[in-house]
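Notes follow once the structure below has been shown.
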Number of protein chains: 2
Amino acid sequence: MRKIYTIGKLSKNTGVTVRTLDYYDEIGLIKPSSKTSGGHRLYSEDDVMKLERVLALKYMGFSLEQIKDILENSTSNWQESIQHQLELVKREQERLKMLEQALLGVSYSIEFEGEINWPVIFSIIQLYQHDPGDVLEQYKEYLNEDEMKKIIDMNAANMSEEDIKEWLKVIGDIRNNLHLDPNSEEAEQLVLCWANQADKMFGEDEELLGSMWEALQNLQEGIAFYPMDKDVINFIKRVAIVKRESTNDS
Amino acid sequence: MRKIYTIGKLSKNTGVTVRTLDYYDEIGLIKPSSKTSGGHRLYSEDDVMKLERVLALKYMGFSLEQIKDILENSTSNWQESIQHQLELVKREQERLKMLEQALLGVSYSIEFEGEINWPVIFSIIQLYQHDPGDVLEQYKEYLNEDEMKKIIDMNAANMSEEDIKEWLKVIGDIRNNLHLDPNSEEAEQLVLCWANQADKMFGEDEELLGSMWEALQNLQEGIAFYPMDKDVINFIKRVAIVKRESTNDS
DNA sequence: CTTGAACCACACGTAACGTGTTGTTTTATA
DNA sequence: TATAAAACAACACGTTACGTGTGGTTCAAG
């Protein structure tokens, strides 16, 4: 009752294309165990089993060369191979997480600026090109471990879609009005909005806000808290100084 | 003060290989804006800017063809492209999550069976080849919405590494002793261990355990709760029946 | 024995370059 | 200014896992 399949039947049964079987034969991965006198390939059930194993390993992300190696060398260390694959998968997941964040950032940036702002995009990408832990590395002079953790958590989970949009809108408004006189009403209004939003995000943790602000001020370039760049920070600083002075005067 | 770069200088400044710039020139993505009389390529600052944009888009996961299209057609819809990329990234993340689970499953399987058990591997892969929601689809006759959710949560988070290993060990033990007489002491002991572990996992929710058990019994093939297959389930069932009868007898 | 379907073998194409070769241009040094 | 060294251009082939297409051959049904 041993079944024998022609390449076409095998293809239909497994969903693998004839060309693929052709290729596997060509690279010596799955050679049919017999042939007709005319040269047509005949696959035994053993061959079918091997094909299924190949497909399983392929699904697991191994290359055909690795699969060949694994199936031929019975001495090969399975656990090692699989742990290696797991490592790769985990790294790729990390990369994709970063990438998703970056894409979201770019999307927000376009939505709120109305056009492509390349420097911002570069900054975002630069920001996400390293590990998530490394992103805050630049602030380590100003923030302690505890504060860093809080900020990471805040970025990841605590902020809702709405919060993010609000935050971006506020900063977008500031970016569009960098030319405003720091003494003007409008400028003060903008910074007030910003301060409110910042308070909302940082909650009651005034100390954290203070440390963060100090860190931001000393930033040389790049963006800090997503779309805030040096220009925005300087604008806020200028307006704040003006306000403090006028408060002192009165 | 307009700077002009030879291909080598540009390569050093941007970290892009000469061959890559060569290729970008060849496919018309970045053509140098001038050349020396001898035919050497000279890149202007505009070219450098374009290169940086290309690199940014490449990081975002676009193909060179898409990039060409995006940069050439200023009418192109950025948001659409980025949302599309986001979709791709999310799908890929889903896939990798599944893959990670499958690899973990295979790893556990090898660890506890000591060798490669291909049917188990096939089952695992089959199990994770669909959406996570679809996995439990086959039980929908026996489980209600609520119960399904509980099980999904349990699989994902509630089980620690230790729990999983315990669970696998228990089932591995049963698999290795399927030949035991259902009346024997050893068999009873094995099933007792299994029941304890199941209780631990399902907590006090006896009802859920009941529904699940019913679902498992009616399973035709494949694996249900990771490494439990029909053989294991039948073994447990047989032992349980023997035990119940002997309890009734006494 | 014919005919249509299945099959084999071969070739070229894909994406984004890496690697290597040969011949030419530029640059630095004597 | 002559020459050697470095940089460069242009081309070709290789990579992965097949898809697509072609022409000739074999198989299975009638």
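In what follows, every chain begins at residue 1, and chains take the letters A, B, ... in the order their sequences are listed.
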How long is the line joining [atom1] of [X] and [atom2] of [N], in whole Å?
| X | N | atom1 | atom2 | answer |
| --- | --- | --- | --- | --- |
| A/Tyr23 | D/dA17 | OH | C1' | 5 Å |
| B/Asp22 | C/dC17 | CG | P | 12 Å |
| A/Tyr43 | C/dC7 | OH | C1' | 11 Å |
| A/Glu26 | C/dC8 | CD | P | 13 Å |
| A/Asp25 | D/dA17 | CG | C1' | 15 Å |
| A/Glu65 | D/dT16 | CD | C1' | 10 Å |
| A/Gln66 | D/dT15 | CD | C1' | 15 Å |
| B/Leu21 | C/dT19 | CG | C1' | 16 Å |

Checklist entry - Where along residues 46-58 of chain B does a heavy atom fall under 4.0 Å from DNA chain C? => result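 Correct list: B/Lys58.
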Checklist entry - If we only count heavy atoms from C-beta on, is the B/Thr6 to B/Thr36 side-chain gap below 4.5 Å? => result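 The answer is no; the side chains never approach within 4.5 Å.
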Checklist entry - Does a side-chain heavy-atom distance below 4.5 Å link B/Leu10 with B/Val48? => result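 When only atoms from C-beta onward are counted, B/Val48 and B/Leu10 do touch, with a gap below 4.5 Å.
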Checklist entry - Looking at residues at least two apart in the chain, or sitting in another chain, which of them share a salt bridge (Lys or Arg N to Asp or Glu O under 4.0 Å) with B/Asp69? => result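 Scan of B/Asp69 (salt bridge (Lys or Arg N to Asp or Glu O under 4.0 Å), adjacent residues dropped) gives none.
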Item to check | salt bridge (Lys or Arg N to Asp or Glu O under 4.0 Å) partners of A/Glu92, counting only residues at least two apart | outcome: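 Partners of A/Glu92 under the salt bridge (Lys or Arg N to Asp or Glu O under 4.0 Å) test: A/Arg95.
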To the nearest 0.5 Å, tell me how far [X] [atom1] sits from [Y] [atom2].
| X | Y | atom1 | atom2 | value |
| --- | --- | --- | --- | --- |
| B/Ile121 | A/Leu57 | CD1 | CG | 7.5 Å |
| B/Lys58 | A/Ile125 | NZ | CD1 | 11.5 Å |
| A/Gln83 | B/Leu103 | CD | CG | 9.0 Å |

Checklist entry - Can you check whether A/Gln93's main-chain N or O pairs, donor with acceptor, with B/Lys97's side chain at less than 3.5 Å? => result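 Pair absent, no side-chain N/O of B/Lys97 close to backbone of A/Gln93.
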Next on the checklist: Quick check against the 3.5 Å criterion: does A/Lys31 have a side-chain atom that pairs as donor or acceptor with the backbone of A/Asp25?
Outcome noted: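 Looks like yes, one N/O pair under 3.5 Å.
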Next on the checklist: Test side chain to side chain contact (heavy atoms under 4.5 Å, CB included) on B/Leu51 and B/Tyr43; report intermediate values, then the result.
Outcome noted: CA-CA 10 Å; B/Leu51 174 57; B/Tyr43 292 87; over 6 Å; no
Checklist entry - How does protein reach along nucleotides 21-30 of chain D, written 5' to 3' as B (base within reach of a heavy atom under 4.0 Å), S (only sugar-phosphate), or - (no contact)? => result -----SS---
Item to check | Side chain of B/Ile7 - closest among D/dC18, D/dC8, C/dA6 | outcome: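 Selected nucleotide: D/dC8.
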Item to check | Most 5' of B/Ser63 and A/Lys9 on DNA chain C, judged by nearest nucleotide | outcome: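 It is A/Lys9 whose nearest nucleotide is closer to the 5' end.
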Checklist entry - OP1, OP2 of C/dC8 versus side-chain N and O of A/Arg41: anything below 4.0 Å? => result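 Answer is yes, contact under 4.0 Å.
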Checklist entry - Think B/Thr20 has a side-chain N or O under 4.0 angstrom from the OP1 or OP2 of C/dG18? => result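 Yes.
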Item to check | Degree of bending in the helix from C/dC1-D/dG30 to C/dA30-D/dT1 once both end axes are built from five pairs, to 10° | outcome: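 The end axes of the helix from C/dC1-D/dG30 to C/dA30-D/dT1 are about 20° apart, to the nearest 10°.
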Next on the checklist: With side-chain hydrogen bond (donor to acceptor under 3.5 Å, both in side chains) as the rule and sequence neighbours excluded, what pairs involving residues 8-17 of chain B come up?
Outcome noted: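 For residues 8-17 of chain B: B/Thr17-B/Thr20.
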Checklist entry - A/Tyr24 or B/Leu42: which one's nearest nucleotide on DNA chain D is closer to the 5' end? => result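 Its nearest nucleotide lies further toward 5', so the answer is B/Leu42.
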Item to check | Residue pair A/Leu64, A/Tyr24: steps toward the side chain to side chain contact (heavy atoms under 4.5 Å, CB included) verdict | outcome: CA-CA 9 Å; A/Leu64 295 188; A/Tyr24 290 171; 3.5 Å; yes
